[in-house]
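One structure is given here, and the rest of the page talks about it.
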Amino acid sequence: MPSKIPADSPVKPTRLPVPDDGGSVVLERRTQKVKPPQMYQVVMLNDDYTPMEFVVVVIQEFFGKDREQATQIMLKIHLDGKGVCGVYSKDVAATKVDQVLDAAAKAGHPLQCVSEPVD
Ligand code: TYC
C-alpha cells in the first residue's frame, strides 16, 4: 500500500487510463504553489544625538559589514534620514532590531531601527 500523498504536494497520484494497469499509480507534476518567504529589511533611522562611531560599530557588529561598508551605510542614514542595514527572514530581522535597540539603550543613545517587509 503506497503511503498517503499530502493535499498540498506538488505531485498528485493518477491512475493509468488503461483497463489492465494492475493498480499502478503514476505521479503527475502539478504547478508549484509554494512561494519564497517574505523577506524583511532592517532600516536604521537617523537622529541628532547618537555618535557616528557608535552607529558604524553597531552596523559592523550586528549586520556583518566591514568598516568601509558600515561607514557608507551610516553616512547614507545621516544624510537621507534612514537606510537599509540588511535583509533577512522575519524572525532574524526582528532579532537584529532587538539587538540594535538593546545595545543603543545600554549605551544611552536614542538610535532607532525597524524591520519592514521588502516589496
Ligand atoms: N546624525 C548622527 C550625528 O550626527 C549620526 C547618526 C547616523 C545617528 C546614523 C543615527 O542611524 C544613525 N551624530
Side-chain angles (χ1 to χ4, degrees):
M1 185 70 166
S3 57
K4 215 167 185 322
I5 295 174
D8 61 351
S9 169
V11 293
K12 68 175 179 189
T14 308
R15 286 204 171 278
L16 288 175
V18 290
D20 187 21
D21 66 359
S24 302
V25 169
V26 294
L27 295 180
E28 179 186 278
R29 184 150 291 282
R30 276 182 183 167
T31 311
Q32 186 61 269
K33 282 186 203 139
V34 289
K35 286 178 280 178
Q38 172 74 60
M39 299 299 276
Y40 287 73
Q41 56 189 19
V42 177
V43 178
M44 199 170 284
L45 309 176
N46 188 39
D47 66 71
D48 293 338
Y49 305 102
T50 304
M52 290 183 174
E53 175 63 19
F54 181 82
V55 177
V56 171
V57 171
V58 160
I59 294 172
Q60 284 182 259
E61 188 162 324
F62 297 124
F63 299 96
K65 308 297 186 191
D66 64 28
R67 188 156 177 92
E68 189 62 38
Q69 295 170 315
T71 302
Q72 290 305 314
I73 294 169
M74 182 280 295
L75 285 174
K76 186 204 181 323
I77 300 165
H78 178 71
L79 295 172
D80 296 352
K82 62 182 180 177
V84 176
C85 293
V87 176
Y88 307 94
S89 65
K90 189 175 190 175
D91 288 0
V92 173
T95 299
K96 302 282 179 192
V97 170
D98 287 348
Q99 289 173 324
V100 171
L101 297 182
D102 190 53
K106 283 187 170 125
H109 300 311
L111 181 63
Q112 294 295 309
C113 75
V114 295
S115 77
E116 57 184 41
V118 180
D119 324 294

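Keep in mind the model is a prediction, meaning the values are calculated, not measured. Just so you know, ligand 1 is whichever comes first in the structure, and atom 1 is the first atom listed for that ligand.
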Gln69 side-chain N/O to Asp66 backbone N/O, donor-acceptor pair under 3.5 Å:
yes
So does Tyr40 get a backbone contact from the side chain of Ser115, meaning a donor-acceptor N/O pair under 3.5 Å?
no
Nearest heavy atom to atom 12 (C) of ligand 1 wins, so pick from Val43, Leu45, Thr50.
Leu45
Measure the spacing between CD of Gln38 and CG of Asp119 and express it to the nearest 0.5 Å.
8.0 Å
Looking only at protein heavy atoms, which one is nearest to atom 7 (C) of ligand 1, and what is the separation?
Asn46 OD1, 3.5 Å
Look at atom 2 (C) of ligand 1 and say which protein heavy atom is nearest, naming residue and atom and giving the distance to 0.1 Å.
Asp47 O, 3.2 Å
Can you check whether His78 has an N/O within less than 3.5 Å of an N/O in ligand 1?
yes
With a 4.5 Å limit on heavy-atom distance, are the side chains of Asp47 and Gln112 in contact?
no
Test Lys96 against Glu61 for salt bridge (Lys or Arg N to Asp or Glu O under 4.0 Å), laying out the working first.
CA-CA 10 Å; Lys96 302 282 179 192; Glu61 188 162 324; over 6 Å; no
Relative to the heavy atoms of Leu111, which atoms of ligand 1 are at a distance of less than 4.0 Å?
10 (C), 11 (O), 12 (C)
For Ile77, the ligand 1 atoms whose distance to one of its heavy atoms is below 4.0 Å:
9 (C), 11 (O), 12 (C)
